Visitor: 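Okay, here's the structure, questions in a sec.
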Amino acid sequence: MNYKFLPQEDQDIFTAIKREEARQSEGMELIASENYVSAAVLEAMESVLNNKYSEGYPGHRYYGGQEFTDAVESIAIERAKRLFAAEHVNVQPLSGSPANAAVYFAFLKPGDKVLGLKLDHGGHLSHGHPVNFSGMLYDFVQYEVDPATGLIDMDRVREIALRERPKMIVAGFSAYSREIDWVRFKKIADEVGAFTFADIAHPAGLIAAGELSNPTPVFDVVSTTTHKTLRGPRGAMIMCKEKFAKEIDRAVFPGMQGGPHEHIIAAKAVAFGENLAPEFKEYARQVIKNAKTMAAEFLDAGFRVISGGTDNHLMVVDMTNKGLSGKEAEALLDKVGISVSRSTIPNDPNPPMNPSGVRFGTAAITTRGMKEEDVEKVVAWIEGAIEARADESRLDKIREEVKEFCLNFPIPGI
Ligand SMILES: *Cc1c(COP(=O)(O)O)cnc(C)c1O
């Protein structure tokens, strides 16, 4: 970005931003939840829409002067509806966790039973973790992945649902690399009279592009972040059947939130416009090709990939047979300029702060233009760093190679 005023007014913040730009340019981003937005999305976020209060919804606001905020928000809603074939969309949630809070608030009472995926099997904090509001307010019970295959065992899901009779079933994960059988989830929920809630925070962009199956026509309600594979500003949205529209809108405002962030909603609209273009379909295809290549390369190099591969943009790799923990692998790869996040593996013998696995994702490097042959190099560097982990000079050499390589792939907006 070209900063005109900030360097004159605030050197401290300007310097930190410039250093972060360099860090992003020189480093290899494999954190599965991250991506790079376009310069147009960045520009929408820095607009004067930031200055406007617009509590309420288009056509029904609590303050005057809403001609243009109404236009912006209506465009965002219309584009999101087209992307996901949604009957109703609320684009105001500030992020994924607040969106999920609003969904629970709309459908449940405190103490109600909810069935979700176990956290160390790939679920999210907001799906019932005891330290999160969701685990404190609602009675979460859990299904698991099959330890042998790494896949969700749908027969077990049904068994647990019949036994527990939850009021809601949550499907959608932070660290699950496989297609999800939405229709089967819906059938099970119908059998026990539960609401169906899909949290597609991670694969939303791949779903919007038509590369993975879409829960929106099947489920009662769907939430997603807008900043992961959807490649928009940090934020979220909720989609639902028309019959739940009032409850969802009321749960977001005035239930959970005050004034919406219209500059972010404008950036969501711009990103959705990009998501609708044919180039984004190409992008989503390449993300998956890159992930499949990465998983195959890891398997070739003797790593254990949970579920044996991937259908989406991410994978979890068990580091145990390489003689280091997920946390050690994260720190080691950081040394060579490769960012990853440690991750639990199903039935992890180690605690969540020091789990056995690492999660890798290809959404960000694909935005930079990396293809299958580049991914092969990336895995070779990861393998090399793990082999050379006691050899500082070899690690330095890998770091230089990674940096030089990354600088060939510019980041939008820098
Ligand atoms: C990332 C994520 C969220 C939370 O998003 P934030 O914007 O970080 O609050 C919610 N659910 C799932 C499944 C996620 O992966």
Side-chain angles (χ1 to χ4, degrees), residues 29-35 37 41 45 84 90-105 114-129 131-135 137-138 140 142-143 145 152 168-180 182 185 196-208 212 214-216 219 221-239 252 256-257 260-261 264-265 267-268 271 287 291 310-316 339-344 352 357 359-364:
E29 189 54 74
L30 299 181
I31 293 178
S33 43
E34 295 191 11
N35 212 331
V37 297
V41 168
M45 270 191 271
F84 291 94
N90 186 310
V91 293
Q92 294 190 1
L94 303 174
S95 216
S97 295
N100 291 353
V103 170
Y104 300 139
F105 195 62
V114 186
L115 178 58
L117 180 66
K118 215 172 163 191
L119 278 298
D120 66 356
H121 289 225
H124 187 259
L125 269 178
S126 60
H127 300 174
H129 196 286
V131 302
N132 184 264
F133 76 91
S134 55
L137 285 180
Y138 307 102
F140 268 82
Q142 277 143 349
Y143 56 94
V145 302
I152 293 166
M168 172 185 270
I169 297 181
V170 187
F173 323 107
S174 298
Y176 187 70
S177 63
R178 294 302 188 169
E179 250 304 12
I180 295 160
W182 306 111
F185 266 112
T196 42
F197 169 28
D199 178 351
I200 58 170
H202 263 272
L206 311 178
I207 292 170
L212 294 175
N214 180 8
T216 321
F219 270 42
V221 59
V222 177
S223 76
T224 181
T225 58
T226 46
H227 50 269
K228 295 179 184 174
T229 54
L230 213 45
R231 216 165 66 178
R234 306 203 80 78
M237 66 175 159
I238 301 171
M239 300 173 275
V252 174
M256 303 290 312
Q257 295 183 182
H261 295 184
I264 300 296
I265 291 174
K268 287 175 188 173
V287 167
T310 181
D311 299 326
N312 58 26
H313 62 298
L314 67 80
M315 69 211 69
V316 175
S339 292
V340 299
S341 47
R342 59 185 181 269
S343 171
T344 54
R359 189 184 62 167
F360 295 91
T362 55

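All values below were derived from every heavy atom in this structure, side-chain atoms included, with hydrogens, water molecules and symmetry-related copies excluded. This one's a predicted model, so the numbers in the text were calculated from it and none came from an experiment. Whatever order the structure lists ligands and atoms in, that order sets their numbers, starting from 1.
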Visitor: To check your reading of the model: name the closest protein heavy atom to atom 3 (C) of ligand 1, its residue, and the distance in Å.
Guide: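 Atom 3 (C) of ligand 1 sits closest to the protein heavy atom His124 NE2, 3.2 Å.
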Visitor: Under a 4.0 angstrom heavy-atom cut-off, which atoms of ligand 1 come close to Ser174?
Guide: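 It comes down to these atoms of ligand 1: 12 (C), 13 (C), 14 (C), 15 (O).
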Visitor: What do you reckon, does Gly96 have a nitrogen or oxygen under 3.5 Å from a nitrogen or oxygen of ligand 1?
Guide: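 Yes, Gly96 has an N/O under 3.5 Å of an N/O on ligand 1.
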Visitor: Which of the atoms in ligand 1, numbered in the order shown and given with their element, are less than 4.0 Å from a heavy-atom of His202?
Guide: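 Result: 15 (O).
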Visitor: So which protein heavy atom does atom 2 (C) of ligand 1 come closest to, and at what separation?
Guide: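 Protein heavy atom at minimum distance: Lys228 NZ, 2.5 Å.
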Visitor: On a heavy-atom basis, which atom in Leu212 and which in Pro203 lie closest, and how many Å separate them?
Guide: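 So the minimum-distance heavy-atom pair works out to CD1-CB, 3.8 Å.
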Visitor: Which residue owns the protein heavy atom closest to atom 7 (O) of ligand 1, what's the atom, and how far is it?
Guide: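 Of the protein heavy atoms, Ser95 OG, 2.4 Å lies nearest.
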Visitor: Suppose we screen for ring pair (Phe, Tyr, Trp, His ring centres under 6.0 Å). Which residues come up paired with Tyr138, at least two apart in sequence or across chains?
Guide: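 Scan of Tyr138 (ring pair (Phe, Tyr, Trp, His ring centres under 6.0 Å), adjacent residues dropped) gives Tyr104.
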Visitor: Closest heavy-atom contact between Ala291 and Asn312?
Guide: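 For Ala291 versus Asn312, the nearest heavy atoms are CB-O, 3.2 Å.
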Visitor: If you measure from each heavy atom of Arg234 to ligand 1, is any distance below 4.0 Å?
Guide: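 No; Arg234 lies far enough from ligand 1 that no heavy-atom distance drops under 4.0 Å.
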Visitor: To which protein heavy atom is atom 11 (N) of ligand 1 closest, and what is the distance rounded to 0.1 Å?
Guide: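 For atom 11 (N) of ligand 1, the nearest protein heavy atom is Asp199 OD2, 2.6 Å.
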Visitor: Is there a side-chain contact between Thr224 and Met237 in this structure, where contact means two heavy atoms from C-beta onward sitting under 4.5 Å apart?
Guide: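 They are in side-chain contact.
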Visitor: Can you sort out which atoms of ligand 1 are near Phe173, meaning under 4.0 Å from one of its heavy atoms?
Guide: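 Heavy-atom distances to Phe173 below 4.0 Å select 13 (C).
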Visitor: Checking Asp311 now: which residues fulfil salt bridge (Lys or Arg N to Asp or Glu O under 4.0 Å) with it, not counting sequence neighbours?
Guide: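 Result, salt bridge (Lys or Arg N to Asp or Glu O under 4.0 Å) vs Asp311: Arg178, Lys292.
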Visitor: State the atoms of ligand 1, each with its element, that fall below the 4.0 Å cut-off from a heavy-atom position in Thr225.
Guide: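 By the 4.0 Å cutoff, the relevant atoms are 5 (O), 7 (O).
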Visitor: Report the relative orientation of the aromatic rings in Phe219 and Trp182; use parallel for angles under 30°, tilted for 30 to 60°, perpendicular for over 60°.
Guide: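 Answer is perpendicular, since the angle exceeds 60°.
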Visitor: Please report which non-hydrogen protein atom sits nearest to atom 9 (O) of ligand 1, along with the residue it belongs to and the distance in Å to one decimal place.
Guide: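 Closest protein heavy atom to atom 9 (O) of ligand 1: Ser97 N, 2.8 Å.
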Visitor: Hey, which atoms in ligand 1 end up nearer than 4.0 Å to a heavy atom of His227?
Guide: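 Once the distances to His227 are compared, the set is 7 (O).
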Visitor: Under a plain distance cut-off of 3.5 Å, with no hydrogens placed, do Asp199 and His124 share a side-chain donor-acceptor pair?
Guide: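 No pair is found: no donor N or O on one side chain lies under 3.5 Å from an acceptor on the other.
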Visitor: Find out whether Pro260 and Ile265 are in side-chain contact, i.e. whether some heavy atom of one side chain is under 4.5 Å from a heavy atom of the other.
Guide: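 A side-chain contact under 4.5 Å exists here.
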